[in-house]
Amino acid sequence: MLFIMKNFLALSFYLLLLPLLASCVQKQVYIVYFGQHGGQKAVDEIQESHHSYLFSVKETEEDAKSSLLYSYKHSINGFAALLTPDEAFKLSKMDEVVSVFQSHPTKYSLHTTRSWEFSGLEEATAENQLKKENFLLKARYGKDVIVGLLDSGVWPESESFGDEDLGAVPKTWKGICQSGHAFDSSNCNKKLIGARYYIKGYEAYYGPLNKTLDYLSPRDKDGHGTHTASTVGGRRVPNISALGGFARGTASGGAPLVRLAIYKVCWAVPRQGKEDGNTCFTEDMLAAMDDAIADGVDVLSISIGTKDPTPFTEDGIAIGALHAAKKNIVVACSAGNSGPTPSTLSNPAPWIMTVGASSVDRKFFAPVLLGNGIKIEGETVTPYKLEKKMYPLVFASRVENPNVARNVSGQCLPGSLSPQKSKGKIVMCLRGNGTRVGKGEEVKRAGGAGFILGNSKANGEELAADSHLLPATAVTYTNAVKILSYINSTKTPKAYIVPGKTMLHRKPAPFMASFTSRGPNSISPDILKPDITAPGLNILAAWSEASSPTKLADDRRVAKYNIISGTSMSCPHIGGAAALLKSLHPSWSSAAIRSALMTSAGLLNNEGKLISDASGAPADSFQFGSGHFRPTKAADPGLVYDASYTDYLLYLCSFGVTRIDPSFKCPKNPVSAKNLNYPSLAIPKLNNTVTVTRTVTNVGHIKSVYFASVKPPLGISVTISPPILSFKNIGEKKTFTITVKENKQTSDTTTKMKDKYMFGWITWTDGTHIVRSPMAVSLA
Ligand SMILES: *[C@@H]1O[C@H](CO)[C@@H](O)[C@H](O)[C@H]1NC(C)=O
Ligand SMILES: *[C@@H]1O[C@H](CO)[C@@H](O)[C@H](O)[C@H]1NC(C)=O
Ligand SMILES: *[C@@H]1O[C@H](CO)[C@@H](O)[C@H](O)[C@H]1NC(C)=O
Ligand SMILES: *[C@@H]1O[C@H](CO)[C@@H](O)[C@H](O)[C@H]1NC(C)=O
Ligand SMILES: *[C@@H]1O[C@H](CO)[C@@H](O)[C@H](O)[C@H]1NC(C)=O
Ligand SMILES: *[C@@H]1O[C@H](CO)[C@@H](O)[C@H](O)[C@H]1NC(C)=O
């Protein structure tokens with residue numbers, strides 16, 4: 001009796017509660033992904049089919065209608081909708097569904113740090129300038145190639161986006177210029193040929209956009225999108241500089257005549273105590289990529305990524321890029337700014353060009369003079385100067401309020417400094433937590449006369465030059481230690497910060513930025529990533545006039561050009577280079593363009609030594625991939641490692657992803673992911689021997705003979721078979737194998753190599769062309 005009673009009670013309890021529960025359960029945005037659209041379906045038909053999937057898990061027709069955010073209708077088959085976890089689960093069990101995954105508010109962000117600069121395709125010598133100009137001329141400066149950017153929008157009034165002398169918009173263009181807050185069709189021109197914005201995912205999470213934080217339109221409030229767009233394809237604008245006259249010269253995008261299409265997908269996050277904040281929702285990015293592919297872009301540059309390892313079928317950028325690959329669109333993405341920690345790389349898919357960041361040969365010289373007469377090198381782009389005299393110098397930990405925690409002492413976090421103790425002094429702070437410009441702001445708040453920003457050990461020898469709000473300079477870790485020991489050595493430490501000055505041809509350059517994210521590839525260890533490196537440290541490019549150079553709340557300065565750093569800045573260099581190659585070789589596939597850029601990349605710095613990391617130690621392929629981009633060499637690579645959309649589907653079969661395209665069936669025994677025809681090679685956990693296959697296509701001389709050479713990783717032997725390839729035609733393909741074998745006799749090295757990658761190279765050369773592929777091998 002009691003038992004029955006209980007059951008009865010329980011039952012009615014649930015019955016009553018169910019409708020309540022259903023409306024209380026937190027609904028979140030999920031993306032339901034079906035792969036590629038099959039056949040020619042009308043837009044209505046597609047929407048209807050998405051609707052019926054939704055209706056099958058929803059209570060009512062209205063609920064199904066109102067929960068739909070986006071129906072992806074061009075290439076990408078899928079939709080984004082507000083679902084309960086239960087509804088999402090039900091959908092994920094349906095036959096046609098490839099994946100169902102949740103959108104996360106902070107998962108994707110723009111890949112910039114807070115510092116600034118520019119380089120374009122510049123290589124310093126006069127001879128190289130001429131070669132470059134010739135190459136640009138042949139590639140018609142990218143004219144009629146359309147580059148799409150997913151970013152924070154654009155500041156259309158920037159001189160970098162002028163359309164003087166540009167011909168009619170290419171006929172292949174099918175996009176639009178979407179109106180909105182402070183933006184209408186008159187803001188597009190023959191340079192900015194398209195502009196759209198995507199905010200449904202953002203608003204589903206944060207509610208309606210706060211119009212003081214951002215424009216509800218393609219207009220850029222942040223500056224980042226304007227910076228990346230002008231880096232890919234800004235016009236040549238003479239005699240521009242950052243605030244204070246730094247980096248004065250001609251600004252130019254990599255491909256100054258390309259047409260730009262802006263897809264705004266990143267929005268300011270409502271401030272929650274923390275300053276900074278931009279986020280980009282997966283569902284918004286997918287909608288943008290689906291449109292960009294249909295609009296007719298040739299290249300996509302996406303300086304966005306996630307730190308969390310995400311499987312390809314749940315990674316919005318990877319999904320969008322795969323569909324772009326089907327249309328031969330080159331997709332360049334930033335590797336991320338989570339270095340120097342290993343395995344921090346984002347955008348690891350092999351149909352993406354993943355770009356690391358390195359320095360250029362320009363410095364913003366602003367040394368510190370110490371009271372003992374010693375001069376310490378520093379860098380700044382701050383436009384303010386000290387009165388020429390010595391100032392009292394202190395380390396921040398000596399002028400802090402008493403309650404500052406030990407773990408952040410000396411870091412000048414907001415509110416940490418005592419105005420009485422800091423007033424009129426030069427205060428030295430260390431990097432760590434908090435932003436670089438925020439530390440300067442704190443010294444200014446406390447009444448400091450000047451500010452020295454010292455690198456922590458992790459930042460090493462790399463300096464990011466900032467436009468601080470007071471006279472300031474930044475010093476390397478070694479130099480920070482020197483200044484600290486000087487402070488220790490005397491009762492009355494004194495210093496003066498020399499006003500900053502731009503200096504070119506500095507050595508060594510390039511070196512890898514400490515922030516650039518590292519391999520190995522945690523999602524697909526068989527693919528070596530990143531692919532390449534390009535300038536990303538202290539890059540000058542156009543800026544939003546609605547922003548300030550530091551983006552600090554109290555910074556009221558307006559800058560038309562600004563210097564910042566990040567793989568966000570290096571990615572559009574590759575986007576621009578890809579656009580030039582597309583213009584030069586319209587028939588090349590996106591994989592061929594990537595191959596050309598990779599196999600022609602450089603390994604040496606301007607001192608003739610292997611590119612180093614920020615601390616001066618030799619860098620490796622988990623930092624620079626194939627090396628530093630050399631677009632003029634990529635124009636004539638000799639051979640390319642080509643791959644098609646079908647090759648990517650075959651590769652996905654080896655992961656058990658079998659349903660992406662209705663017109664494709666995985667073979668019974670999928671080939672190993674290692675055999676994807678990639679211009680680089682990664683072999684994790686080698687046990688004795690592995691043989692992989694590659695195919696090269698001749699794009700050089702009609703008749704040519706290529707010889708293989710190998711620089712094997714330590715403790716490994718590598719055999720190429722056949723070692724000689726003869727070509728008689730352009731477009732001819734030759735296949736070879738690479739056998740990678742562990743050297744048993746060196747058991748010492750073997751133990752050392754466990755879980756540690758060693759690096760080597762495979763090179764084909766015909767005497768004119770050098771076609772080089774990096775390899776990374778670890779032992780089981
Ligand atoms: C919008 O943002 C501004 C600036 O952060 C803030 O002062 C204001 O309260 C916000 N408005 C709303 C409605 O949240
Ligand atoms: C460049 O601009 C600066 C200031 O905007 C001006 O003083 C200088 O004369 C200009 N130089 C040239 C070559 O036009
Ligand atoms: C520093 O340590 C305190 C406690 O000792 C902790 O509450 C705080 O979060 C730490 N701050 C940082 C930035 O690590
Ligand atoms: C920064 O703060 C985090 C915790 O918030 C702490 O773990 C870390 O050690 C801090 N880093 C530095 C360099 O102080
Ligand atoms: C300076 O002196 C403090 C103690 O007074 C010591 O902890 C610190 O390591 C010294 N720094 C240098 C760079 O010599
Ligand atoms: C390597 O392969 C051999 C033979 O297939 C196997 O017995 C051995 O366990 C493997 N070693 C490792 C470390 O996986």
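In each ligand, atom 1 is the first atom listed, and ligand 1 is the first ligand listed.
Annotation for ligand 6: atoms under 4.0 Å from non-hydrogen atoms of Asn687 are 1 (C), 2 (O), 3 (C), 8 (C), 10 (C), 11 (N), 12 (C), 14 (O). Atom numbering of ligand 6 starts at 1 in the shown order; those under 4.0 Å from a heavy atom of Ala780 are 13 (C). The atoms of ligand 1 that sit less than 4.0 Å from any heavy atom of Thr212 are 1 (C), 2 (O), 3 (C), 4 (C).
The closest side-chain donor-acceptor pair between His224 and Asn278, if any, does not fall under 3.5 angstrom.
A distance of 6.0 Å or more separates the ring centres of Tyr198 and Tyr202. Between Tyr197 and Tyr263, the distance from one ring center to the other does not fall under 6.0 angstrom. You'll find the ring centres of Tyr757 and Phe622 inside the 6.0 Å limit.
In this structure, Lys444 places its NZ atom where only 12 or fewer heavy-atom neighbours from other residues, nucleotides or ligands lie under 6.0 Å away. The environment of Lys560 atom NZ is sparse: at most 12 non-hydrogen atoms of other residues, nucleotides or ligands sit within 6.0 angstrom.
Heavy-atom minimum distance, Leu681 versus Arg694: CD1-NH2, 3.5 Å.
For a heavy-atom separation below 4.0 Å, the residues in contact with ligand 2 are Asn239, Arg248.
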